[in-house]
Amino acid sequence: MKLSLEVVTLAVLDVDRALAFYTEQVGFHLDVDYAPDDEFRVVQLTPPGSGVSIQFGVGLTEAEPGSTRGTYLVVTDIEVARDALVERGVRASGIRHKSRLPDWRGGFEAGIDPDRRDYASFFDFTDPDGNQWLVQERGHEATAGGS
């Protein structure tokens, strides 16, 4: 059996504000903005290069706005990604990396992982409603070697 994750639903208070944030500041591509009446609206957006989209709107979920936590965006260069978001007005945390323990059950230290290990460096940001995103670096070595 093959299962494919296609869409993650976020709860937001103001659909237009969320749409502007995700398209203008985060850089997601608008796929759909459909509202047949005042009781239903679906906005679907896709991060550049992603096979998974997000959606929000009116009449989609009963979840509390801002209740989504720990949704990951994966990038090959965490510094470039953070700088780009900050330049567009996104309030992002500082970059941090997992402490150097063999099993990664430790805490975090400030800055990028010194060895640029996959899955080790992170920063986070929230949308205007408080939905939290984690940005994680993977594949830096593959892209750095080709430069």
Side-chain angles (χ1 to χ4, degrees), residues 2-34 41-147:
K2 179 181 175 185
L3 299 172
S4 178
L5 179 63
E6 300 271 334
V7 179
V8 174
T9 302
L10 304 179
V12 301
L13 280 173
D14 184 324
V15 176
D16 291 321
R17 178 182 69 184
L19 175 59
F21 175 78
Y22 284 105
T23 57
E24 296 168 17
Q25 292 183 263
V26 184
F28 286 14
H29 176 265
L30 175 62
D31 302 320
V32 174
D33 187 349
Y34 174 68
R41 180 178 178 190
V42 61
V43 174
Q44 183 169 314
L45 305 116
T46 303
S50 180
V52 179
S53 301
I54 63 167
Q55 70 176 4
F56 49 81
V58 177
L60 296 179
T61 181
E62 294 180 16
E64 286 294 313
S67 60
T68 302
R69 298 280 179 274
T71 305
Y72 279 71
L73 294 171
V74 177
V75 299
T76 58
D77 192 317
I78 200 146
E79 288 177 301
V80 168
R82 185 182 180 284
D83 289 348
L85 290 174
V86 169
E87 284 177 17
R88 293 188 205 127
V90 175
R91 293 172 58 183
S93 73
I95 296 172
R96 62 191 179 279
H97 67 277
K98 293 180 179 180
S99 298
R100 201 91 165 125
L101 292 175
D103 58 10
W104 286 9
R105 285 188 287 170
F108 290 93
E109 296 178 28
I112 297 172
D113 180 72
D115 298 323
R116 300 301 279 261
R117 296 172 297 160
D118 284 350
Y119 311 105
S121 297
F122 304 83
F123 71 86
D124 58 81
F125 68 91
T126 57
D127 71 12
D129 291 292
N131 294 302
Q132 181 209 37
W133 291 85
L134 291 167
V135 181
Q136 179 182 55
E137 185 174 81
R138 183 182 74 218
H140 178 74
E141 193 62 36
T143 58
S147 325

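For the single chain, residues carry numbers from 1 onward in sequence order. Keep in mind it's a predicted model, so treat the numbers as computed, not measured.
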Do [X] and [Y] have side chains that approach each other closer than 4.5 Å (heavy atoms only, starting at C-beta)?
X      : Y      : answer
Phe122 : Phe108 : yes
Asp31  : Ser53  : yes
Val135 : Ile95  : no
His140 : Asp118 : no
Thr126 : Arg69  : no
Val52  : Val7   : no

Smallest heavy-atom separation, Thr68 atom then Thr71 atom, equals CG2-OG1, 3.3 Å
Over all heavy atoms of both residues, which pair between Ala11 and Asn131 is shortest? Give the atoms and the distance, please.
->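 In this case the closest contact between Ala11 and Asn131 is O-ND2, 3.1 Å.
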Salt bridge present between Glu24 and Arg88 (N-O < 4.0 angstrom) = no
Can a salt bridge be assigned to the pair Arg17 and Asp127 using a cut-off of 4.0 Å between side-chain N and carboxylate O?
->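 Not counted as a salt bridge, because no side-chain N and carboxylate O are separated by less than 4.0 Å.
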Spacing of [atom1] belonging to [X] relative to [atom2] belonging to [Y], to within rounding of 0.5 Å:
X      : Y      : atom1 : atom2 : answer
Tyr119 : Gln136 : OH    : CD    : 7.0 Å
Ile54  : Leu10  : CD1   : CG    : 5.0 Å
Phe123 : Leu134 : CZ    : CG    : 9.5 Å
Gln132 : Ser67  : CD    : OG    : 12.0 Å
Leu45  : Leu19  : CG    : CG    : 6.0 Å
Phe56  : Thr61  : CZ    : OG1   : 13.5 Å

Does the salt bridge (Lys or Arg N to Asp or Glu O under 4.0 Å) test come out yes or no for Arg96 and Asp124, once each step is laid out?
-> CA-CA 10 Å; Arg96 62 191 179 279; Asp124 58 81; 3.0 Å; yes
For residues 73-81, please give each side-chain donor-acceptor pair under 3.5 Å, one per line with the distance, not counting sequence neighbours.
residue : atom : partner : partner atom : Å
Asp77   : OD1  : Glu79   : N            : 3.1
Asp77   : OD1  : Val80   : N            : 3.2

How would you list, by chain and number, every residue that makes a salt bridge (charged side-chain N to carboxylate O under 4.0 Å, His left out) with Asp115, sequence neighbours excluded?
->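 Asp115 satisfies salt bridge (charged side-chain N to carboxylate O under 4.0 Å, His left out) with Arg100 once adjacent residues are dropped.
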So, [X] side chain and [Y] main chain: donor-acceptor pair closer than 3.5 Å or not?
X      : Y      : value
Ser4   : Glu6   : no
Asp113 : His97  : no
Arg116 : Arg138 : no

Angle class for the Trp133/Phe28 ring planes (parallel below 30°, perpendicular above 60°, tilted otherwise)?
->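 Answer is perpendicular, since the angle exceeds 60°.
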Assess whether side-chain contact (heavy atoms from CB on, under 4.5 Å) is satisfied between Val43 and Val32, documenting all intermediate values.
-> CA-CA 5 Å; Val43 174; Val32 174; over 6 Å; no
Would you please test Val8 and Gln55 for side-chain contact (heavy atoms from CB on, under 4.5 Å) and show each step?
-> CA-CA 6 Å; Val8 174; Gln55 70 176 4; over 6 Å; no
